[in-house]
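Since the structure comes first, as structure tokens, the remarks are kept for the end.
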Amino acid sequence: MTDLYFICLYVILSKQGTAMSLKLKVNNAVSTVDVPPDTPLLWVLRDVLDLKGSKYGCGIGMCGACTVLLDGQAVRSCQTNVESAVGKSVTTIEGLSPDGLHPVQVAWEQVDVPQCGYCQAGQIMTAVAFLAKTPHPTDAQIDDAMAANLCRCGTYPRIRQAIRQAVKAGAAVHTS
Amino acid sequence: MRLNRRSFLQITALTGGGLALGFFDLPFASAQFDPQAALSPTAFIHIATDGTITLMAKAPEIGQGVKTMLPMMIAEELDVDWNKVRVEQADLDDKYGGQSAGGSTSTQSNYLPLRRVGAACRQMLISAAATRWGVPAAECTTTPGRVLHAASERSFSYGELAGDACALTPPSMDSIKLKDPKDFRIIGKPHANVDNHSIVTGKPLFGIDVKVPGMLHAVFAKSPVYGGKVKSANIDEIKKLPGVRHVLVVTDTPANSAGTPDSQIEPGIVIVATGVEPGVVIVADLWWQAQSARSKLKVDWDFGPGATQSSEKFAARAAEQLKAPPTDILRAYGDVDGALKTAAKVVEADYSYPFLAHGTLEPMNTTASYKDGKMEMWTASQSPAAGKSQIARALNIPPANITVHLTRVGGGFGRRLNTDYMLEAAWIAKSVGAPVKLLWSREDDITHDDYRPAGYHSLKGGLDAQGKLIAWRQHLAAFGEGGRVAGAVDATEFPSGRVPNFASYTSAQPLLLRTGALRAPGHNGYAFVLKGFIDELATAAGRDPIEFNLELLNATPIPMAPAANGRRGGNDTLNADRMKGVIKLVAEKSGWANRKKVPGRGMGFACHYCHAGYFAEVAEVSVDAKNQITVHKIWAAGDVGNQIVNPSGAEAQVQGAILEAMSQMQQEITLTGGQVQQTNYDSHPLIRFDQQPEIELFWSMSEFGPTGLGEPSLPPALPAIANAVFDATGKRIRTLPLERSGFSFA
Ligand code: FES
Ligand code: FES
């Protein structure tokens with residue numbers, strides 16, 4: 001009896017961090033995950049759904065390596081509770097295009113942007129969301145849009161070049 | 001609660017009493033892979049009967065482009081179509097020769113051996129074809145992927161010959177004839193990174209992406225003060241948290257109690273007490289669970305002697321040392337003090353730069369699995385062989401029972417030459433008996449790095465009435481003990497040997513903190529100092545900085561006695577003509593001679609030689625009323641020999657090096673109460689996209705063999721920018737980060 005009481009008490013006290021069944025739509029596929037609702041979306045994507053494309057760089061919203069699209073908006077998945085993604089559509093780098101041929105991806109390959117490559121999923125997702133809204137950006141607009149995505153290797157010159165190239169190729173029509 | 005003894009995993013038991021953790025076999029070390037050693041073609045080239053050609057990429061890919069560039073060398077001589085080649089990352093194996101990434105050595109040490117590998121395989125394919133046709137091999141040639149016998153108009157694809165060829169004994173590597181570079185089809189042409197498609201589609205390539213069946217996830221909370229020990233921790237509480245499977249505690253590391261450096265990764269760079277550091281490991285089903293549990297962790301630390309350290313005290317001690325006679329004479333000749341007394345003009349300046357963290361975007365991680373006495377690992381390391389031998393010694397596992405798979409690495413910059421995190425992962429996996437991925441948080445990474453050592457310099461220069469440099473005295477207050485100094489200046493560092501009266505001194509104070517190599521180690525700090533001071537001297541002499549530098553380069557170098565006390569240097573390897581070549585090129589391209597003086601705008605020059613490469617750079621900046629610096633443009637000219645193997649990768653390396661130099665100018669790691677005060681990119685900021693200058697790069701081709709360029713292109717950018725700020729404002733930046741000199745990047 002006492003044991004049971006303590007077990008119940010323990011369950012109540014440890015409710016924080018308790019898993020819940022949540023329905024997520026990621027890259028147009030619906031799946032159910034059992035995680036505490038305050039888990040950052042990034043870790044659900046990476047370790048529960050096994051989508052490793054979105055990266056952990058800082059965990060505080062500073063670097064942009066974890067950027068994904070939530071209903072087409074670029075968000076920091078390390079700062080997004082999984083619960084808040086319920087009922088919305090999540091797009092990760094893996095779901096950007098079926099064949100890896102989104103104009104932004106193509107431009108990135110042609111310009112040979114990646115050095116280590118670790119930040120690039122976040123850079124690409126940020127650029128995709130930006131070009132969907134701003135199909136013909138000025139350099140100042142590109143600066144503004146990309147300023148919060150860090151690259152430790154210094155691929156910025158090539159990112160600028162790739163964005164310009166994607167604009168020419170019509171990245172704007174692909175909003176995924 | 002107080003921990004009972006049972007709860008602790010003693011590190012002493014772990015190491016079997018052995019204290020010798022962390023001796024490094026690094027690329028810089030003398031035991032490095034002999035570039036002339038023969039490699040077997042069969043290790044690197046796999047030709048399937050269907051014609052698929054797979055080339056093994058031997059070295060760790062940390063973003064420096066070797067996974068593309070090294071196989072290009074093989075493909076060139078093998079004579080294959082690059083687009084049809086598959087490149088695969090090699091596991092750690094002796095058959096590949098040295099497999100490390102550091103010191104900008106990959107190009108230099110592989111250029112001939114890997115070309116020979118390709119050429120030998122081509123020769124074997126030719127022999128196989130000649131035998132089948134019954135013709136002399138000399139009559140056969142190749143076109144990409146095929147052996148031809150022109151006289152009889154016959155040909156075989158490499159795939160058709162693969163079976164026969166692999167039965168042949170590889171020819172002697174010394175006799176292999178290599179292509180004339182004018183016939184190159186692959187080397188010297190820009191080639192995109194072979195992993196680009198996987199990167200832009202989000203494939204799991206990196207260490208952090210590794211997944212093995214039954215894998216658990218670990219975090220490791222180490223002492224906020226280096227060398228601290230665990231007194232107690234609330235581990236019973238942590239064990240009950242969701243998903244938590246194991247909690248391990250390392251109370252102490254024996255090496256810490258000795259308090260002495262136990263390894264030296266290159267002369268002048270000391271790593272103190274490398275091993276599994278004291279702390280608490282939390283192993284859970286998911287990483288986020290382990291990390292969340294950690295937020296409830298309460299550890300009572302015994303911080304130990306490190307807790308008395310602070311950046312203020314370091315600076316105060318260094319200032320005292322710089323006023324006192326030096327403890328070590330690195331090099332002295334002539335009569336420097338006498339010459340300074342009689343000089344027409346004397347210039348004095350103190351410079352300093354701080355500790356820096358590496359902050360690779362992918363935090364430290366390794367996945368390890370230990371079963372039946374065998375360790376299997378997947379790691380993002382620059383120095384996997386060193387990690388393997390460290391693990392073999394520390395965990396008492398025969399090296400033959402340790403398998404190491406290399407993943408793509410999300411940035412190295414020297415941080416991953418230290419393999420502390422590999423050892424930690426191996427130890428955790430062995431302790432819990434299940435595969436474990438250890439992932440450091442960003443905060444772990446910034447607060448437990450091998451920091452670029454800080455340095456404090458005092459300089460004096462004497463000019464004669466004609467404005468010629470006649471005396472140079474430099475004194476570095478650094479960190480270290482017993483003659484081992486972190487970030488020491490080379491005795492032959494320019495302008496050593498090129499000034500008639502010269503002295504280079506060092507003093508050091510003890511440090512309980514790990515230091516290590518950061519891209520262009522040593523040079524990234526003292527190029528800023530020495531090349532800034534040369535600019536000051538040129539200004540004092542009323543002379544053009546480029547002309548002033550050229551005069552020093554034209555001086556006949558005074559030879560130095562061979563290296564003593566195991567010190568680096570001894571021979572001044574700087575080739576003045578190569579340096580003059582890049583200076584001339586950058587001056588011409590930047591329009592240096594005709595630059596106009598515009599208020600608030602300025603141009604600055606610096607050149608530097610390191611890692612066998614020569615770079616001269618000119619920066620153009622403007623500075624606003626709030627002392628905010630905009631770097632508009634950098635012109636860079638480099639000489640890294642007679643061949644740029646992959647121009648696309650090479651250009652990217654130089655762009656990255658220049659942007660990293662800008663990051664370095666605004667970062668610092670400081671200690672208060674022995675604790676690192678910076679924790680993430682908010683307090684240790686990287687340069688941003690909107691701060692990038694235009695970068696234009698030019699190559700000066702010389703007749704020397706090709707060498708690396710990821711490092712030598714970095715050091716001149718710092719003084720070039722600082723000198724440009726002086727040109728714009730009349731104010732000298734002598735203290736980094738910029739903020740401590742009253743400046744910042746706009
Ligand atoms: S990991 Fe999310 S912003 Fe850095
Ligand atoms: S490519 Fe390495 S962090 Fe951006």
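Just so it is clear, the values below take in all heavy atoms, side chains as well, and ignore hydrogens, waters and symmetry mates. Quick note on labels: first sequence line is chain A, next is B, and so on, each numbered from 1.
Here the closest heavy-atom approach between residue A:Cys66 and residue A:Ser54 is recorded as O-CB, 4.3 Å. In this structure, A:Asp112 and B:Ser648 approach most closely via the heavy-atom pair OD2-OG, 2.6 Å. Scanning all heavy atoms of the two residues, the minimum distance from A:Gly170 to A:Pro103 falls at O-CG, 4.1 Å.
Interface check for chain A: of the options B:Ile695, B:Thr679, B:Asp445, B:Asp682, the most heavy-atom pairs under 4.5 Å are formed by B:Asp682. Heavy-atom pairs under 4.5 Å with chain A were tallied for B:Glu443, B:His197, B:Glu61; the largest tally goes to B:His197. Top candidate by heavy-atom pairs under 4.5 Å with chain A, chosen from B:Gly65, B:Ser198, B:Pro363, is B:Pro363.
For A:Asp99, the part lying near chain B is the backbone, with the side chain staying farther off; criterion is any non-hydrogen pair under 4.5 Å. Contacts of B:Phe206 with chain A are made by side-chain atoms alone, with heavy-atom separations under 4.5 Å and no backbone atom involved. Interface residue A:Leu150: backbone and side-chain heavy atoms are both found under 4.5 Å from chain B. Contact annotation for B:Ser292: neither backbone nor side-chain heavy atoms come within less than 4.5 Å of a heavy atom of chain A. With a 4.5 angstrom heavy-atom cutoff, B:His217 touches chain A only via side-chain atoms. When heavy atoms are compared at a cutoff of 4.5 Å, B:Thr360 approaches chain A solely by way of its backbone atoms N, CA, C and O. Using a 4.5 Å cut-off between heavy atoms, B:Asn680 contacts chain A through its side chain alone, with no backbone atom that close. The contact between B:Ile62 and chain A is made entirely by backbone atoms, counting heavy-atom distances below 4.5 Å. Using a 4.5 Å cut-off between heavy atoms, B:Gln64 does not touch chain A at all. Both the backbone and the side chain of A:Ala147 come within contact range of chain B, each with at least one heavy atom under 4.5 Å from a heavy atom of that chain. At a 4.5 Å heavy-atom cutoff, the contact between B:Leu439 and chain A is made by side-chain atoms alone.
Taken from CG in B:Leu686 to CE in B:Met662, the straight-line distance is 12.0 Å, to the nearest 0.5 Å.
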